[in-house]
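So the structure is just underneath, and the comments pick up after that.
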Amino acid sequence: MPSNETPPDEPHANRATVTPYEVDGEIDYEKLLDRFGADRLTDAQVRRFPDHPLVRRGVFYAGRDVDRYLAAAEAGERHSIVTGRGPSGPMHLGHVLPFYFAKRLQEATGAHVYVPLSDDEKFLAKDLDLDAIAEHTRDNLRDLLAVGFDPDRTTIVIDTLDADVVYPQAVRTADAITQSTVDATYGDPETIGLSFYPAVQAVHLLLPQLLHGPHPTLVPIAVDQDPHVRVCRDVAGKERFDVGKPAALLGKFLPSLSGPGKMSSSGEEPTIDLSDDRETVRQTIDRYAYSGGRGSLDEHREHGGDPEVDVAYRYLHAFFEEDDETVERLAEEYRRGELLSGDLKALAADRIADFLEAHRRRREALGPLDPELEPYRLDDDERERLAPPTTLG
Ligand code: TRP
């Protein structure tokens with residue numbers, strides 16, 4: 001299994017730490033593919049995915065085994081997506097975009113979507129008590145429900161709440177993961193809790209197949225979560241599980257407002273919150289979004305700006321402006337100095353505010369959480385398939 005440690009022969013400047021628990025340094029996305037053993041998406045694969053800017057414009061840029069997933073989607077055979085959430089705090093803009101992407105795939109090809117919430121993982125990894133995690137879990141669930149997944153094709157599991165099924169399966173996967181694999185893949189985990197957690201996330205990624213037999217399952221994730229996929233694929237390769245290896249669709253990080261790197265909710269980094277109203281979004285982008293424009297208006301008019309590093313442009317490009325001609329025209333006008341940094345910011349802020357208003361309308365229309373969640377939870381039949389009832393009496 002490839003390790004996350006940068007090989008010692010690489011120049012120090014290229015050293016980057018990329019694990020589920022730490023992302024640090026300048027990431028060379030191409031080198032990462034060698035290190036992780038994944039493949040860049042081919043043009044043909046990009047075209048076969050349901051149309052979405054995140055794929056078409058190369059944010060999701062690599063994968064493993066995507067052909068089998070695409071073939072099943074094209075043939076109308078069962079195909080599933082697993083995309084989870086670690087409820088460590090309120091979700092912000094960057095957190096919900098992948099769920100909207102999964103919803104697009106669901107609408108386009110009828111994919112079954114599984115959304116596991118790893119409250120156990122975040123309790124173990126963060127300095128938060130169980131009550132705080134539970135509060136974030138409830139809050140995050142409202143945002144996940146607001147995305148508007150098809151309840152007939154979507155399953156939400158919560159690790160501690162659904163422990164009756166997650167735990168027996170995690171015991172099975174844990175039995176197939178060695179300590180040295182965990183150490184090599186994640187670095188030495190701080191506690192035995194985090195040593196065990198990869199067994200739980202392996203269950204998440206296998207859930208569709210444990211319920212419905214072997215079938216192509218796609219895990220769209222940012223590259224830092226790839227170690228979980230590698231461990232799970234190892235497990236899935238063992239005969240006793242009777243499942244195929246889950247496929248991965250690997251994404252680059254969207255830039256944080258202040259420039260390249262991961263959009264973080266933990267640091268000082270300003271973020272766009274799902275609760276931000278139009279004026280707040282405008283102000284945040286205006287104040288904090290890293291600009292690829294020039295220092296003065298005259299300079300900008302003369303030399304033009306750089307859309308590649310301009311965060312407002314990057315957001316339009318990755319998600320909020322679907323039309324190829326429009327996005328190309330914006331880049332071109334910006335490079336020529338006709339379009340100003342403030343223009344791009346105003347446009348991005350408007351799109352993002354529209355998106356958030358629609359999200360909030362759906363979120364506010366939700367009733368009490370329990371009944372809203374019910375159609376997405378595992379039913380008795382599914383529970384029994386995952387965890388045969390113990391016979392006590
Ligand atoms: N580990 C992920 C995180 O920290 C959350 C997560 C749990 C997840 N299960 C998953 C992500 C399955 C993708 C697929 O954010």
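Note that ligands are numbered from 1 as they come in the structure, with each ligand's atoms numbered from 1 the same way. The figures here come from the full heavy-atom set of this structure, side chains too, leaving out hydrogens, waters and symmetry mates. Each residue takes its place number in the sequence, starting with 1.
- Residue-level proximity to ligand 1 for Gln225 is carried by the side chain, the only part with a heavy atom below 4.0 angstrom.
- Looking at Ile221 against ligand 1, only its side chain comes within 4.0 Å, counting heavy atoms.
- A donor-acceptor pair shorter than 3.5 Å can be found between the side chains of Thr271 and Asp273.
- At least one heavy atom of Leu205 sits closer than 4.0 Å to an atom of ligand 1.
- Considering backbone and side-chain atoms together, His204 places an N or O closer than 3.5 Å to an N or O of ligand 1.
- Between Asp310 and Tyr290, the side chains place no donor N or O within less than 3.5 Å of an acceptor N or O (distance only, hydrogens not considered).
- Taking the six-membered ring for Trp, Tyr334 and Tyr313 have ring centres at least 6.0 Å apart.
- Remark: ligand 1 atoms within the under-4.0 Å shell around heavy atoms of Gly86 are 5 (C), 15 (O).
- Under 4.0 angstrom from ligand 1, there are no non-hydrogen atoms of Tyr114.
- Note: His112 and His212 have tilted aromatic rings, judged against thresholds of 30 and 60 degrees for the angle between ring planes.
- Side-chain atoms of Asp120 and Thr160 form no donor-acceptor pair, as typed in the model, at a separation below 3.5 Å.
- The shortest N or O to N or O distance between Lys122 and ligand 1 is below 3.5 Å.
- Considering both main-chain and side-chain atoms, Glu121 comes within under 3.5 Å of ligand 1 through a nitrogen or oxygen pair.
- Counting only N and O atoms by type, the side chains of His204 and Asp159 include a donor and acceptor under 3.5 Å apart.
- When atom types are taken as modelled, the side chain of Arg142 and the backbone of Arg363 share no donor-acceptor pair closer than 3.5 angstrom.
- Listed by atom number, the atoms of ligand 1 under 4.0 Å from Tyr197 heavy atoms are 7 (C), 9 (N).
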